[in-house]
Amino acid sequence: MMTMLILLGPAIEDSVGGTGVLGGVGRSRLPVRRPLHLRLGYGLAARTLARFGKQHIFSKRLMEGSGMILINLAIGLLIMMGCLILQITFALWSVRYAVRRTDEAESGMTLLAGIRTLLMAMVIMMLGNFLQIMLWGSLFFWLGEFTDFHQAVYHSGVNFTSLGYGDVVMSTDRKLLGPLEALNGILMLGLTSAALLGILQHLTRNRQHARNRRH
């Protein structure tokens, strides 16, 4: 009952002769000081409505932001899986090429031949990394973040290598794809480094075994 009086108080006062004043038509309109409990009730009701409105706006923005986060994560994870398949394919190709070259050299590879094999393996894996940059750039171009394909690939390369220039940025809705590509680039470049190190160790062991056989 008290709540109804608080909420309906202004309407009741209007109906009997004006808002917050005494008297009707032909009477002197003198200010009326509302009772303390009514004034407190009006203030509490106003603050409650304002707080409810802010919470509603916050909840709406939170739901919209969460939806975009999930969409970007889904897109990013699919591209990351494609990049992993590409990287593994090129890494295995490079390792097999290096192993075949060392096995063909029965007396052991010379230093120049070993360097040439390592360089060839590096070029193959760098080609795989560049294809991944192209894949991310094509995604940015397809999403409409860039009108120039070269600019999209450039931005993709900055993300993939974690350069972080910041001279080109995407829209607010798609900015999360940048950190996802940077994470993908760190992992794939790490895999490239590990494969090159494995090939170098294999070449070193092969030269050592060939040297031991001679003695």
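In what follows, every heavy atom counts, from backbone to side chain, and hydrogens, waters and symmetry copies are set aside.
Residues satisfying the side chain to side chain contact (heavy atoms under 4.5 Å, CB included) test with L119, not counting sequence neighbours, are I115, M122. For S171, the side-chain hydrogen bond (donor to acceptor under 3.5 Å, both in side chains) partners two or more places apart in sequence, or in a different chain, are E145. For F149, the ring-ring contact (aromatic ring centres under 6.0 Å, His included) partners at least two apart in sequence or on another chain are F141. For F140, the ring-ring contact (aromatic ring centres under 6.0 Å, His included) partners are H155, not counting sequence neighbours. Legend: residues meeting side chain to side chain contact (heavy atoms under 4.5 Å, CB included) with A194, ordered by chain and number and at least two apart, are absent. In this view, S156 and E181 satisfy the side-chain hydrogen bond (donor to acceptor under 3.5 Å, both in side chains) rule, not counting sequence neighbours. Looking at residues two or more places apart in sequence or on another chain, you find a side chain to side chain contact (heavy atoms under 4.5 Å, CB included) between A182 and S162. With sequence neighbours excluded, the residues that form a side-chain hydrogen bond (donor to acceptor under 3.5 Å, both in side chains) with D167 are Y154. Taking I88 as the reference, L84, L92, L191 meet the side chain to side chain contact (heavy atoms under 4.5 Å, CB included) condition, with sequence neighbours excluded.
To the nearest 0.5 angstrom, M134 atom CE is 13.0 Å from L139 atom CG. Note that CG of N159 is 10.0 Å distant from CG of L180, once rounded to the nearest 0.5 Å.
Residues L143 and L177 have side chains in contact (heavy-atom distance under 4.5 Å, counting atoms from C-beta outward). The shortest side-chain heavy-atom distance between R174 and I71 falls under the 4.5 Å cut-off.
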Would you sort out whether F146 and V153 count as a side chain to side chain contact (heavy atoms under 4.5 Å, CB included), showing the intermediate values?
CA-CA 10 Å; F146 299 95; V153 173; over 6 Å; no
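Proximity of a side-chain donor or acceptor of N72 to a complementary backbone N or O of K175 within less than 3.5 Å is not detected.
The nearest pair of heavy atoms linking A121 to I199 is CB-CD1, 3.5 Å. For the pair P179 and L176, the tightest heavy-atom approach, listed with the atom from each and the gap, is CD-O, 3.1 Å. Here the closest heavy-atom approach between residue M125 and residue L196 is recorded as CE-CD2, 3.3 Å.
Hydrophobic clustering (side-chain heavy atoms under 4.5 Å, transitive across Ile, Leu, Val, Met, Phe, Trp, Tyr) groups V168 together with M170. A continuous path of Ile, Leu, Val, Met, Phe, Trp and Tyr side chains, each step under 4.5 Å between heavy atoms, connects I69 with M80, placing both in one hydrophobic cluster. Residue F130 is not grouped with residue V123 when hydrophobic side chains (ILVMFWY) are merged at heavy-atom distances under 4.5 angstrom, including chains of intermediate members. Note on L183: it does not cluster hydrophobically with V169, by side-chain heavy-atom contacts below 4.5 Å among ILVMFWY residues. L135 is connected to W142 through a chain of hydrophobic side-chain contacts under 4.5 Å among Ile, Leu, Val, Met, Phe, Trp and Tyr, so both are in one cluster.
Cluster partners of M81, using a side-chain heavy-atom cutoff of under 4.5 Å among ILVMFWY residues and allowing indirect links, are L78. In the hydrophobic clustering, Y97 connects to L86, F90, W93, M120, I124, L127, L131, either directly or through intervening members, whenever side-chain heavy atoms lie under 4.5 Å apart.
Among residues at least two apart or in separate chains, side-chain hydrogen bond (donor to acceptor under 3.5 Å, both in side chains) pairs with a member in residues 182-201 are Q87-T192, N129-T192, W136-N184.
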